[in-house]
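Taking it in order: structure first as structure tokens, then the write-up.
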Amino acid sequence: MTDDTLSRPTVHALLSDGTTVCIRPTTPGDHKQLRGFYEGMSPENLRLRFFAASRRSAAMAADRACAPPRPGYRALLAETKDHVIGLAEYETGEDTKSAEISIAVADGLHHRGVGTLLLEHLVSAARAAGITTFSADALSENHEILRLFADLGLRTARRFEGPEVRCTVELGEDDTYLTAVEARGRAAGVASLEPLLRPDAIAVIGAGRRPGSVGRAILHHLHTGGFTRRLFAVNPSVTSILGVPSYPSVGALPKIPDLAVVAVPAAAVPAIAEECGKAGVRALLVVSAGLDSAQAESLMAACRTYGMRLVGPNCLGISNTDPHFSLDATFAADHPRPGTAGVAVQSGGVGIALLDGLSRLGIGVSSFASLGDKYDVSGNDMLQWWESDGRTELALLHLESFGNPRAFSRTARRVTRRMPVLTVDAGRTDAGRRAAASHTAAAATRTMTRQALFTQAGITATRSVGELLETAALLHSQPLPTGTRVAIVTNAGGAGVLSADACAEAGLSLPPLTPEVVDDLLAVLPDGAAVGNPIDATAAVTEEQLRDCVDRIMRYQGIDAVLLALVPTAVAAATGDDLIRSLTRAPGRRERPVAAVRLEQDLPVRLLPATDGSTVPSYAEPQAAARALAHAARRAAWLSRPDGTIPELAGVDTPRAQAVAETYLAAHPNGGWLDPRTCAELLACYGIPQLPWAWAETEDEAVIAAERLRGADGRVVMKAHWPGLLHKSQQHAVHLDLQGDSQVRAAFRDFETRFAGLLTGVVVQPLAARGTELFAGVVQDEVFGPLVLFGLGGTATEVLADHAARLAPLTDHDVHDLITAPRCAPLLFGSEGGGPVDLQGLEQLLLRLSRMAGDLPQLAEADFNPVLATPGGVSVLDARVRLLPRRPQDPYLRRLR
């Protein structure tokens with residue numbers, strides 16, 4: 001089997017110190033380099049590698065690695081700036097499931113992760129080739145190689161044989177290995193961003209003498225924004241700009257900058273990038289826009305060749321408010337306010353709005369990155385930076401695309417357990433795959449896919465920049481609620497009603513107060529107060545009475561949050577802001593979140609400072625407050641639930657399923673929809689239950705099949721089939737309720753007449769018992785991977801659109817969410833008076849569907865509709881599966897975009 005390394009022969013990745021290296025298969029043209037690589041090793045390094053300090057061994061090793069490709073052998077080299085710095089090889093023997101490996105790293109480059117990175121890529125290639133075990137012999141004194149195997153994250157066994165040790169590594173992928181790879185990638189990624197966000201010297205290339213240029217604006221921001229390290233301009237026409245020394249070229253600078261800001265016309269960007277790389281610049285910020293494909297390719301080639309991380313192009317810039325490395329390399333109107341929110345956006349306009357909003361709220365920014373066209377540095381990189389910077393407490397994202405959603409999801413799941421991660425779900429109206437041919441593909445819009453990613457990763461997804469800021473204000477200032485129960489306190493009945501409606505629409509509940517609490521509140525409120533929920537204290541309430549009311553409701557354990565819906569009156573002596581501050585100094589206020597609604601407020605949201613240094617969010621609209629509280633409640637629920645697990649499944653035959661897929665694609669190189677027999681064979685590999693059926697190609701065969709399959713009532717169903725037929729009901733290609741041989745024959749002849757030239761056979765099934773008709777399916781998204789869908793089935797599945805979706809692989813929590821999320825869920829739990837359907841059977845069906853999608857990258861679509869669910873079991877009545885010639889991908893393999 002061909003792995004992803006062959007489809008992408010050159011892969012760039014990061015070493016532990018943030019250095020970029022190229023990893024690729026060896027070729028015969030590498031012989032000279034590889035021989036020089038070995039000949040440059042010290043005698044001690046050669047001895048540890050070959051068990052003898054022989055130059056002849058080095059020559060033989062180069063010969064072996066550069067020989068023509070052969071089955072069972074793979075060699076990967078690591079190089080930087082065209083110099084080989086490491087080599088890793090495997091070779092199988094008679095047992096094609098096991099391979100011997102060897103690793104060599106150049107002198108002076110040990111302890112930088114070269115060997116580990118090569119081994120990770122070799123593991124990925126071996127898995128794709130069906131290899132399950134690596135073995136290696138090493139001298140027992142070779143502590144570095146032994147530590148490499150021990151720290152890899154895979155199960156390793158050692159057997160000592162005199163001065164040598166035999167290491168055996170099992171290649172089965174599990175969470176332990178993924179976590180270890182993730183940790184190494186996080187450390188390398190953060191190190192690679194140091195020259196970008198904590199540079200010791202910066203050069204702005206393209207700053208002009210005249211006001212109004214982007215380069216000049218960025219230079220001004222750097223000069224006035226607190227950057228205390230070395231700052232240069234590059235402009236051949238002047239010697240100084242804004243008091244900053246200017247030089248004619250990057251090579252003429254007195255100190256090589258860590259970061260170069262490029263603000264030149266698009267046509268000049270590739271040459272500038274090449275010049276920066278040759279000079280030793282470590283990071284580029286390219287704000288220039290309008291690069292064509294050739295210019296973009298040249299820019300990326302320079303960055304990868306010389307190991308420079310890149311933000312942009314076509315971006316607003318970056319900033320870091322760390323007092324030790326403060327920099328503002330943006331052309332926004334104002335400097336960002338220092339604070340605790342990390343911000344990464346693709347849109348410069350959204351970035352300006354978020355910077356302004358966070359500054360106005362007083363939350364401020366820890367670091368900001370406008371990613372623009374996002375050629376390199378991504379939201380995943382920034383999440384890792386914020387996780388480790390010691391300053392960020394809140395992460396805000398606006399991403400229009402995802403380079404590696406599954407890696408992003410793993411990172412976000414980890415980060416969001418430490419801090420809230422919020423995003424704007426942009427592009428919700430995209431119609432997605434309009435040409436979708438099946439129910440599954442029609443339902444799987446890009447919006448649904450993104451929402452599945454956000455939900456499973458614990459990301460708080462909002463619908464607008466305004467909602468993002470409103471939610472950030474509450475999450476920044478208030479504790480999380482333990483549930484969705486809200487008490488509303490108001491001094492105006494109308495404001496209370498509006499707030500109650502908003503809470504209900506947001507999915508929050510307004511529980512009635514207990515008689516004891518009602519009596520307690522009536523004792524402090526004026527006559528005429530209505531103590532329900534909302535609590536209407538009336539316009540006559542004084543500040544003291546209102547404070548007593550809030551004090552008492554905050555102590556009530558039957559609510560999770562308090563919403564104050566207040567309007568200014570002449571009764572309270574304090575002003576509006578002072579009144580809110582006074583009311584929120586209640587005992588226990590830190591146990592539950594408090595939010596205020598003030599209809600007269602001019603700004604959508606404000607954070608009102610309290611005397612103790614805390615803040616309270618105040619909203620102009622009750623809907624905004626309710627949405628923020630609902631987001632906080634969902635985050636609390638996500639945090640309270642332990643990580644899900646992927647259950648073990650009995651009766652799964654993955655090798656057989658892969659053979660079925662490969663056999664079909666060998667006969668159909670362009671892929672297609674499986675015929676009923678092949679489809680049934682594939683489902684049987686995963687133990688997916690199907691209603692009994694038979695295939696018939698003649699009228700007599702149909703009669704025989706019907707006779708065999710008739711149930712107690714003697715009725716059967718006949719379905720026409722021909723390649724490409726998908727929606728049988730729309731084509732009137734189904735006959736139901738057939739009784740007796742004559743009706744079976746008539747139905748077959750009808751199909752022969754109407755579908756002459758198309759019909760290849762029929763499927764005969766017993767008439768299914770009554771039950772709930774459901775839909776289950778999977779679609780392989782080219783970016784996000786397999787997406788599993790579930791919901792109400794039958795002929796109206798697309799019209800009713802009652803579907804939920806989760807990205808595979810499904811955990812036990814994901815399956816529970818899939819079953820309970822659709823509107824039809826109450827039917828499954830027996831809400832209509834009958835008993836619940838076989839819920840365990842439904843869970844198994846979805847888990848097995850997820851496993852099939854994960855095992856088979858060739859699986860483009862699977863469509864089970866209807867799936868019949870009864871108290872006695874679950875079975876698929878109709879299944880369609882489409883395969884495409886796709887190669888397996890390793891979404892967790894460390895590599896740069």
Side-chain angles (χ1 to χ4, degrees), residues 15-17 21 23 26 34-35 37-65 72-78 84-127 131-174 176-177 179-181 183-184 187:
L15 300 182
S16 59
D17 62 356
V21 296
I23 296 177
T26 57
L34 280 173
R35 184 159 184 167
F37 163 71
Y38 281 117
E39 289 175 348
M41 287 185 181
S42 66
E44 178 64 11
N45 200 358
L46 284 173
R47 187 180 70 83
L48 292 175
R49 166 65 181 85
F50 297 112
F51 295 15
S54 169
R55 298 295 172 185
R56 186 168 175 272
S57 297
M60 293 173 60
D63 291 342
R64 182 179 63 252
Y73 177 80
R74 171 63 58 84
L76 298 176
L77 62 79
V84 175
I85 61 172
L87 180 72
E89 307 163 87
Y90 76 65
E91 187 163 19
T92 61
E94 293 183 2
D95 180 5
T96 58
K97 297 293 184 182
S98 179
E100 293 284 332
I101 65 169
S102 63
I103 300 171
V105 176
D107 286 359
L109 290 171
H110 293 252
H111 310 295
R112 293 176 59 185
V114 178
T116 303
L117 185 60
L118 278 169
L119 189 51
E120 287 178 15
H121 282 257
L122 204 65
V123 166
S124 180
R127 284 175 176 158
I131 296 171
T132 60
T133 305
F134 276 168
S135 297
D137 292 319
L139 293 174
S140 56
E141 63 187 276
N142 192 345
H143 302 297
E144 291 185 2
I145 195 70
L146 296 178
R147 185 164 54 249
L148 186 154
F149 290 136
D151 295 343
L152 190 62
L154 295 172
R155 187 174 300 172
T156 304
R158 296 180 183 181
R159 187 176 73 251
F160 289 88
E161 300 172 351
E164 299 178 14
V165 58
R166 178 79 169 171
C167 297
T168 304
V169 182
E170 297 181 16
L171 305 188
E173 183 177 88
D174 58 18
T176 301
Y177 178 67
T179 300
V181 172
R184 292 190 286 266

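Just so it is clear, the model here is predicted, and its values are computed rather than measured.
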Once side chain to side chain donor-acceptor pair (under 3.5 Å) is applied, do any residues pair with Glu94, and if so which ones, sequence neighbours excluded? none
Just wondering, do Phe37 and Leu77 contact through their side chains at under 4.5 Å, heavy atoms? no
Nearest non-hydrogen partners of Ala78 and Val114, listed with the distance: CB-CG1, 4.3 Å
Could you check whether any side-chain heavy atom of Thr133 comes within less than 4.5 Å of a side-chain heavy atom of Lys97, counting everything from C-beta outward? no
Just wondering, do Asn142 and Val165 contact through their side chains at under 4.5 Å, heavy atoms? no
Could you check if a side-chain atom of Leu139 sits within less than 4.5 angstrom of a side-chain atom of Arg47, using non-hydrogen atoms only? yes
For the pair Arg127 (side chain) and Leu171 (backbone), establish whether a donor and an acceptor sit closer than 3.5 Å, ignoring hydrogens and angles. yes
Between Arg166 and Ser135, is there a side-chain heavy-atom distance shorter than 4.5 Å? yes
Are Val84 and Leu34 packed together at the side-chain level, in the sense that at least one heavy-atom pair is separated by less than 4.5 angstrom? yes
Please identify each residue that fulfils side chain to side chain donor-acceptor pair (under 3.5 Å) with Thr26, with sequence neighbours left out. none
Trace of the side-chain contact (heavy atoms from CB on, under 4.5 Å) decision for Arg147 with His111: CA-CA 11 Å; Arg147 185 164 54 249; His111 310 295; 3.9 Å; yes
Minimum heavy-atom separation for Leu118 to Ala88, with atom names? CB-CB, 3.8 Å
How long is the straight-line distance from CD1 of Ile101 back to CD1 of Ile131, given to the nearest 0.5 Å? 10.5 Å
Determine yes or no for a side-chain-to-main-chain donor-acceptor pair under 3.5 angstrom, with Asn45 supplying the side chain and Val105 the backbone. yes
Minimum heavy-atom separation for Ala65 and Tyr73, please, with both atom names. CA-OH, 3.2 Å
Verdict with supporting geometry, Arg64 and Glu89, salt bridge (charged side-chain N to carboxylate O under 4.0 Å, His left out): CA-CA 10 Å; Arg64 182 179 63 252; Glu89 307 163 87; 3.2 Å; yes
To the nearest 0.5 Å, what is the distance between CZ (Arg35) and CE (Met60)? 11.5 Å
Nearest-0.5 Å distance that lies between atom CG in Asp174 and atom OG1 in Thr179: 8.5 Å
Quick one: do Arg184 and Glu120 make a salt bridge, cutoff under 4.0 Å? yes
Which residue pairs pass the ring-ring contact (aromatic ring centres under 6.0 Å, His included) test with at least one member in residues 138-174, sequence neighbours excluded? none
Would you call Leu154 and Phe134 a side-chain contact if the rule is heavy atoms closer than 4.5 Å? no
For Tyr38 versus Ala62, what's the shortest heavy-atom pair and its separation? CE1-N, 4.2 Å
CG on Leu146 to OG on Ser140, rounded to 0.5 Å: 8.0 Å
I need the Thr116 OG1 to Asp151 CG distance, nearest 0.5 Å. 7.5 Å
With rounding to the nearest 0.5 angstrom, report the CZ to CG distance, Arg112 to Asp17. 4.0 Å
Residue pair Asp107 / Ser42: nearest heavy atoms and the distance that separates them: OD2-N, 2.6 Å
